[in-house]
Amino acid sequence: MKIRTVFVGLVAATFSMMALAQAPIIIKFSHVVAADTPKGKGSEFFAKKAAELTKGKVKVEVYANSTLYKDKEEMEALQLGAVQMLAPSLAKFGPLGVKEFELFDLPYLFDDYKELHAVTAGPVGKSLFQKLETKGLVGLAFWDNGFKVMSANKPIRNPDDYKGLKMRIQSSNVLDAQMRALGSIPQKMAFSEVYQALQTGVVDGTENPPSNLYTQKMHEVQKYVALTNHGYLGYAVITNKKFWEGLPTDVRSALETAMVEATKYANQIAKEENDKAMDEVRKSGKSEIITLTPAQKTAMKKALLKVHDQMASRIGKENIDTIYKATGFDPSKF
Ligand code: LMR
């Protein structure tokens with residue numbers, strides 16, 4: 001009887017050890033936007049590819065729409081190891097002590113995705129990822145969202161129209177300077193709080209690519225959307241360095257391949273997703289869409305260019321010069 005009990009116990013222990021050995025590695029991937037956005041779809045694509053290429057050794061759990069953590073909390077959670085992957089907007093790295101990421105927020109710096117990719121794939125992109133390592137993080141990829149529109153409850157065509165408006169921004173000092181250059185009052189706020197803040201009048205307006213505006217229904221509480229395309233919003237996919245380096249080599253290399261494929265996919269759909277979202281906003285008839293005249297565009301550029309100089313010491317004059325060269329940006333043309 002005793003021997004039998006020991007035997008049964010041994011079998012049970014062996015089975016549970018086998019189960020443990022086969023239990024997948026869980027990667028919690030937390031983000032703050034809707035599933036139906038470039039980042040939402042990119043992260044789901046990565047989850048699928050990761051399962052496929054690791055043959056089930058990794059399970060990526062995607063938590064969209066701030067369901068797990070909000071902006072600031074998710075950064076802390078990653079550093080503490082409570083989540084393993086995030087894709088925060090490039091405007092959100094300042095509080096982490098890597099303020100140079102805010103260079104992507106400089107108004108009118110990038111004309112299109114091609115110029116942007118020349119920078120993320122070049123020396124500036126590399127040096128930004130090196131800086132992350134000192135914070136215990138690894139940068140895995142840059143993912144696109146798109147070019148931002150402005151919204152408010154009054155027509156916003158010229159710089160003067162922004163005077164006195166309380167404008168929600170992400171946690172970037174470059175965006176703070178941008179809104180001040182227009183005479184508005186910037187309010188840093190977590191993405192998850194924006195809809196309600198707009199609805200209740202805590203803020204008067206905001207900026208975001210159409211995909212975020214539409215999927216958060218911001219257009220339903222904003223009477224005007226101006227097609228300013230004044231700045232870019234994209235992401236860095238990041239992971240915890242200790243976690244990443246602790247993965248078995250074959251698993252890590254499969255995940256790297258999954259990330260390359262997910263990046264290709266996310267960047268391919270970004271423009272289309274934003275164009276579709278803008279069409280939906282237009283069709284909804286909830287906000288009036290403002291297309292700026294060439295003179296209004298020039299006035300906006302003139303008002304905002306000074307932010308490049310104002311922020312040079314924060315994000316590095318040499319970074320700005322390298323980007324000007326890579327994109328062909330010529331400040332004297334303004
Ligand atoms: C925002 O806070 O406006 C955006 O960064 C949200 C996002 O992740 O796209």
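This one's a predicted model, so the numbers in the text were calculated from it and none came from an experiment. Atoms within a ligand are numbered from 1 in the order they appear, just like the ligands themselves.
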Polar contact flag, side-chain donor to acceptor under 3.5 angstrom, [X]-[Y]:
| X | Y | result |
| --- | --- | --- |
| N145 | N274 | yes |
| Y232 | D105 | no |
| Q170 | D71 | no |

Which residue in the set Q310, E207, K306 passes side-chain hydrogen bond (donor to acceptor under 3.5 Å, both in side chains) when paired with Q178? E207
Are any of the N/O atoms in [X] less than 3.5 Å from those in ligand 1?
| X | result |
| --- | --- |
| Y235 | yes |
| E207 | no |
| Q170 | yes |

Nearest neighbour in protein (non-hydrogen) for atom 3 (O) of ligand 1: R168 NH1, 2.7 Å
Considering only protein heavy atoms, which is closest to atom 1 (C) of ligand 1, and at what distance to one decimal place? F191 CD1, 3.3 Å
Just to be sure I read this right, does ligand 1 sit under 4.0 Å from the backbone of [X], its side chain, both, or neither, counting only heavy atoms?
| X | result |
| --- | --- |
| E193 | neither |
| V194 | neither |
| T37 | neither |
| K39 | side chain |

Indicate yes or no for a side-chain donor-acceptor contact from R168 to the backbone of M189 under 3.5 Å, with no hydrogens or angles considered. yes
The atoms of ligand 1 lying under 4.0 Å from a heavy atom of S89, numbered in the order shown, are 5 (O)
Using a strict cut-off of 4.0 Å, indicate which atoms of ligand 1 neighbour a heavy atom of V33. 6 (C), 7 (C), 8 (O), 9 (O)
Note: E273-K276 ion pair, threshold 4.0 Å (strictly below): yes
Identity of the nearest option to atom 2 (O) of ligand 1, non-hydrogen atoms only, from H31, M189, K92: K92
Separation between OG1 of T293 and NZ of K297, rounded to the nearest 0.5 Å: 8.5 Å
CG-CZ distance between L175 and R180, expressed to the nearest 0.5 angstrom: 12.0 Å
Is E256 atom CD crowded by more than 12 heavy atoms from other residues, nucleotides or ligands, each under 6.0 Å away? yes
What do you reckon, does L233 put a non-hydrogen atom under 4.0 Å from ligand 1? yes
